[in-house]
Amino acid sequence: MGYLEKIQGPDDVRALPLEALPELAREIRERLIHVVARTGGHLAPNLGVVELTIMLHRHFRSPEDKLVWDVGHQGYVHKMLTGRNDRLPTLRQYGGLSGFLKRAESEHDIWEAGHTSTSLSAALGMVVARDLQGEKGKVVAIIGDGALTAGMAYEALNQIGHLRADLLIILNDNEMSISPNVGAISHYLTKLRTHGGYLRTKEEIEQLLLRLPQGKRLTRVAERVKESLKALLVPGVLFEEMGIRYFGPVNGHDFTALDEALQQVKKLRGPVLLHVVTKKGKGYPAAEKDADTFHGIGPYKVESGEPIRRVGPPSFASFFTRHLIRLAERDPRIVAITPAMITGSGLKPFLERFPDRLFDVGIAEQHAVTFAAGLANAGMKPVAVIYSTFLQRAYDQVVHDVAVQRQNVVLAIDRAGLVGGDGETHHGVFDIAFLRTLPNMVLAMPKDENELGHLLYTAVRYDGGPFALRYPRGEGVGVPLDEEYREIPIGSWEVLREGRDLMLLAVGPNMIALGEKVAQLLARRGLSAGLVNARFIKPLDREMLAEFAAKRIPVATLEEASAQGGFGSAVLEALAEAGQLGIFVRAFGLPDRFIPHGSVSDLLRDAGLVPERIADELYARLRGDALAPSVREEGGIGS
Ligand SMILES: Cc1ncc(C[n+]2csc(CCOP(=O)(O)OP(=O)(O)O)c2C)c(N)n1
Ligand SMILES: CC(=O)[C@@H](O)[C@H](O)COP(=O)(O)O
Ligand SMILES: [Mg+2]
């Protein structure tokens with residue numbers, strides 16, 4: 001029996017002799033590689049923090065000492081060492097372990113995060129609470145070099161330094177965000193890494209100066225000279241100048257070096273940053289070689305690292321890039337912006353074709369949006385490609401810098417809808433509600449990858465202000481692409497199927513497929529339901545809506561988004577405004593709760609967005625039959 005199988009919690013980790021740790025690390029890596037090969041997940045980040053996680057649990061007594069992980073995608077090792085190793089094969093599965101930390105899963109999961117760069121702010125909050133309550137215990141934030149490119153991290157560092165907060169920050173620097181890290185901060189960290197590993201403080205540097213010939217005089221010369229010497233000699237001066245003592249860099253795979261470093265820094269009071277250098281994907285050649293692909297990967301063959309690809313059409317993201325390249329060929333104003341998601345957004349072909357017209361701004365969604373507004377302000381046609389969930393971080397920039405000024409920015413909202421294994425923090429289900437309420441905003445979603453191209457063509461030619469174009473994670477529908485693009489009239493819907501007794505208004509490919517099945521089920525029961533591709537969420541096709549109302553045809557809306565404030569709400573508001581609420585309307589969407597991880601089909605079923613449930617309810621309501629009990633279930637269909 002190996003070491004890992006005997007570990008039920010951090011006490012067991014602390015009980016192991018130092019010399020047993022390399023074998024424990026090997027066992028952890030072997031299990032990670034085999035389990036994630038089946039479940040999919042964030043393999044490379046976790047392989048990079050095996051030794052670090054082991055040592056953190058040896059030096060700090062979780063949960064009295066609080067380990068606050070940034071993002072949490074690198075929390076698998078932490079879970080294995082805190083009593084959840086046996087459940088690892090349920091990772092990211094419906095009802096199984098989350099791929100991020102979850103307080104409901106364990107007392108050792110102090111903080112939940114799927115979005116980067118929140119750990120420092122949260123940790124500082126815990127430090128201040130501890131001190132105000134007179135509690136004990138260390139607070140340790142573990143943040144990656146990528147997460148350190150987000151502005152929110154500096155807002156926290158600013159206050160940490162100001163308060164001289166007694167907080168340990170572990171900077172896990174693997175030179176990678178998802179793709180190789182970018183920006184001036186990353187460049188600075190590279191300089192620090194190449195300084196070679198030493199653990200000197202400012203004081204020691206000053207002692208060193210004093211030992212130099214003329215050292216006394218030297219140290220007496222103007223503060224400016226000393227400061228500039230310090231900047232040369234003192235590593236981490238960026239942090240030091242914020243009042244945060246910097247130590248490192250330390251080899252994050254060397255148990256002895258980590259042990260010594262943690263031994264030293266944990267005794268210190270006040271804000272301390274330990275710079276740990278790790279390798280993303282460590283211990284699995286395929287992941288070491290291609291940490292970008294193995295950052296977040298689907299199932300793969302262990303022997304070769306070759307992804308087990310499902311046969312099917314390319315992803316919406318890759319279709320989007322194909323259209324963007326075709327349009328950028330003709331329009332030099334078009335530039336693309338990504339906040340550190342080149343790979344996930346499928347933008348690599350665009351980068352290869354137009355290296356000077358793609359801007360990776362790092363993990364900086366707020367900056368990405370306002371940078372786009374600045375570009376538009378100067379006559380360019382910026383296309384900001386941002387996952388729906390990450391766009392949430394830039395909402396005020398959309399309002400204040402884009403919508404108010406009617407800047408001609410295209411917001412390409414990828415991962416719009418349920419995303420599956422990433423769960424609550426990643427489903428793109430709120431952007432309809434938070435964008436449709438903005439004046440000057442156009443918001444559209446295509447029925448398939450071909451219409452995606454026509455809507456993008458319409459968007460880049462539109463000069464009436466912001467145009468938000470949302471599309472889902474996952475594969476296209478499998479339709480051919482037209483040779484030529486055509487403009488789609490803004491605010492126009494498309495009738496896909498005529499109906500006499502009911503019109504289903506569906507947003508996006510999944511809901512159109514769902515609507516088609518509902519219409520077929522109702523047809524078998526003698527109810528004629530039509531289906532509309534509601535490709536514009538804003539502006540609505542008020543003409544078509546008024547026509548249904550005038551003919552007193554009931555409508556039902558279908559959206560893979562929060563029903564609260566979503567497309568269905570917009571339709572209800574429009575009918576109420578036109579005094580046409582007399583017709584029956586039902587808005588089907590996601591319920592008023594956060595949707596966990598699992599397959600999209602499991603999650604849609606859970607939310608009641610399945611044809612049988614919807615057909616049952618609509619039939620019962622329209623034919624006056626008593627509602628089937630199952631349909632009345634609370635919290636199911638968007639309530
Ligand atoms: C606000 C936000 N934007 C983008 C992402 C997508 N994302 C997840 S992990 C990651 C890279 C994080 O890099 P780093 O902090 O260095 O961690 P590593 O994966 O290298 O361990 C990114 C961009 C996110 N989770 N949150
Ligand atoms: C942890 C994180 O936020 C990203 O790695 C995210 O999981 C990527 O999502 P996709 O797999 O949809 O690109
Ligand atoms: Mg990193």
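Remember, it's 1-based here, ligands and their atoms both numbered in the order they're listed.
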May I ask you to list the atoms of ligand 1 that are less than 4.0 angstrom from any heavy atom of Gly144?
14 (P), 15 (O), 16 (O)
Atoms of ligand 1 under 4.0 Å from any heavy atom of His295, numbered from 1 in the order shown, are 9 (S), 19 (O)
Out of all atoms in ligand 1, which are within 4.0 Å of some heavy atom of Gly146? Include the element for each.
13 (O), 14 (P), 15 (O), 16 (O)
Nearest-contact summary for atom 8 (C) of ligand 2 - protein heavy atom, Å
Asp422 OD2, 4.0 Å
Is the His78-His57 ring centre distance short of 6.0 angstrom?
yes
Just so I know, are the side chains of Ile386 and Val369 near enough to count as touching, which here means a heavy-atom distance under 4.5 Å?
yes
Test item: Thr149 side-chain N/O and Gly146 main-chain N/O as donor-acceptor pair under 3.5 Å:
yes
How about Ser315 and Ser318: does a side-chain donor come under 3.5 Å of a side-chain acceptor?
yes
Of the choices His42, Arg92, Gln74, Met341, which has the non-hydrogen atom that lies closest to atom 1 (C) of ligand 2?
His42
I need the contact type for His115 against ligand 2. Using non-hydrogen atoms and a strict under-4.0 Å cut-off, is it side chain, backbone, both or neither?
neither
Measuring from atom 20 (O) of ligand 1, which candidate in Met176, Gln392, Gln366 has the nearest non-hydrogen atom?
Met176
Note: ligand 2 atoms sitting under 4.0 Å from heavy atoms of Arg473 are 10 (P), 11 (O), 12 (O)
Is Gly48 in contact with ligand 1, taking contact as a heavy-atom separation below 4.0 Å?
no
Any donor-acceptor pair under 3.5 Å linking the side chain of Gln407 with the backbone of Pro466?
no
List every atom of ligand 1 that sits less than 4.0 Å from any heavy atom of Lys280, numbering the atoms from 1 in the order shown and giving each element.
18 (P), 19 (O), 20 (O)
Kindly say whether Gly478 contributes a backbone atom to a donor-acceptor pair with the side chain of Glu449 at under 3.5 angstrom?
yes
Any idea which protein heavy atom is nearest atom 15 (O) of ligand 1, and the distance to it?
Ala147 N, 2.9 Å
Would you sort out whether Tyr76 and Val35 count as a side chain to side chain contact (heavy atoms under 4.5 Å, CB included), showing the intermediate values?
CA-CA 11 Å; Tyr76 300 0; Val35 169; over 6 Å; no
Considering the heavy atoms of Phe390, write down every atom of ligand 2 situated less than 4.0 Å from one of them.
3 (O)
Could you check His115, His42, His426 and say which one makes a ring pair (Phe, Tyr, Trp, His ring centres under 6.0 Å) with His73?
His42
Does some side-chain heavy atom of Asp292 sit less than 4.5 Å from a side-chain heavy atom of Lys348?
yes
Would you say that Thr53 contacts Trp69 through its side chain, given a criterion of any heavy-atom pair below 4.5 Å between the two side chains?
yes
Write out the residue and atom name of the closest protein heavy atom to atom 21 (O) of ligand 1, then the distance separating them to 0.1 Å.
Asn174 ND2, 3.3 Å
For atom 1 (C) of ligand 1, closest protein heavy-atom neighbour:
Arg393 NH1, 3.4 Å
How far is atom 10 (P) of ligand 2 from its nearest protein heavy atom, and which residue and atom name does that atom have?
Arg415 NH2, 3.5 Å
What residue among Lys279, Arg29, Arg58, Lys282 forms salt bridge (charged side-chain N to carboxylate O under 4.0 Å, His left out) with Glu51?
Arg29
For the Mg ion (ligand 3), check which protein N, O or S atoms are under 2.8 Å away and list them.
Asp145 OD1, Asn174 OD1, Met176 O
Pair Leu81, Ile28 - check side chain to side chain contact (heavy atoms under 4.5 Å, CB included), show working.
CA-CA 9 Å; Leu81 301 179; Ile28 289 172; 4.0 Å; yes
Report, in ascending order of atom number, the atoms of ligand 2 lying under 4.0 Å from any heavy atom of Gly114.
3 (O)
Could you report the tightest heavy-atom contact between Ala412 and Phe320, atom names first, then the distance?
CB-CZ, 3.4 Å
How close does the nearest protein non-hydrogen atom get to atom 25 (N) of ligand 1, and which residue and atom is it?
Gly114 O, 2.8 Å
Measure the distance from atom 7 (N) of ligand 1 to every protein heavy atom, then report the residue, atom name and distance (to 0.1 Å) of the closest one.
Ile178 CD1, 3.8 Å
Would you say ligand 1 has an N or O under 3.5 Å from any N or O of His73?
yes
Give me the residue, atom name and distance of the protein heavy atom closest to atom 3 (O) of ligand 2.
His426 NE2, 2.6 Å
Decide salt bridge (charged side-chain N to carboxylate O under 4.0 Å, His left out) for Lys79 and Glu105; before the verdict, give the C-alpha distance in whole Å, the side-chain angles of both, and the deciding distance to 0.1 Å.
CA-CA 9 Å; Lys79 293 195 177 195; Glu105 276 184 24; 2.8 Å; yes
Using a plain distance cutoff, I'd like to know if Asp145 has any nitrogen or oxygen under 3.5 Å from a nitrogen or oxygen of ligand 1.
yes
Give me the nearest non-hydrogen protein atom to atom 13 (O) of ligand 2 as residue plus atom name, then the distance to 0.1 Å.
Tyr387 OH, 2.6 Å
Numbering the atoms of ligand 1 from 1, which are under 4.0 Å from a heavy atom of Ser177?
11 (C), 13 (O), 20 (O), 23 (C)
Side chains of Leu351 and Leu347: closer than 4.5 Å at any heavy-atom pair?
no
Which residue supplies the protein heavy atom nearest to atom 3 (N) of ligand 1, what is that atom called, and how far is it?
Glu365 OE2, 2.7 Å
One residue to check: His42. Relative to ligand 1, which of side chain, backbone, both or neither has a non-hydrogen atom less than 4.0 Å away?
neither
Evaluate His73 for polar contact with ligand 2, using N/O atom pairs at a separation under 3.5 Å.
no
Name the atoms and distances for all side-chain donor-acceptor pairs under 3.5 Å in residues 92-101, with sequence neighbours left out.
from: Arg92; atom 1: NH1; to: Asp422; atom 2: OD1; distance (Å): 2.7
from: Gln93; atom 1: NE2; to: Leu91; atom 2: O; distance (Å): 2.6
from: Tyr94; atom 1: OH; to: Asp606; atom 2: OD1; distance (Å): 2.9
from: Tyr94; atom 1: OH; to: Asp606; atom 2: OD2; distance (Å): 2.7
from: Ser98; atom 1: OG; to: Phe100; atom 2: N; distance (Å): 2.9
from: Ser98; atom 1: OG; to: Phe100; atom 2: O; distance (Å): 3.0

Identity and distance of the protein heavy atom lying nearest atom 5 (C) of ligand 1
Phe390 CZ, 3.3 Å
Nearest-contact summary for atom 12 (C) of ligand 1 - protein heavy atom, Å:
Ile363 CD1, 3.9 Å
In this structure, is the centre-to-centre distance between the rings of Phe294 and Tyr300 below 6.0 Å?
yes
When you measure from the side chain of His427 to the backbone N and O of His597, does any donor-acceptor pair fall under 3.5 Å?
no
Is the closest basic N to carboxylate O distance between Glu424 and Lys102 below 4.0 Å?
yes
Check whether His295 reaches the backbone of Ser179 with its side chain - one donor and one acceptor, N or O, closer than 3.5 Å.
no
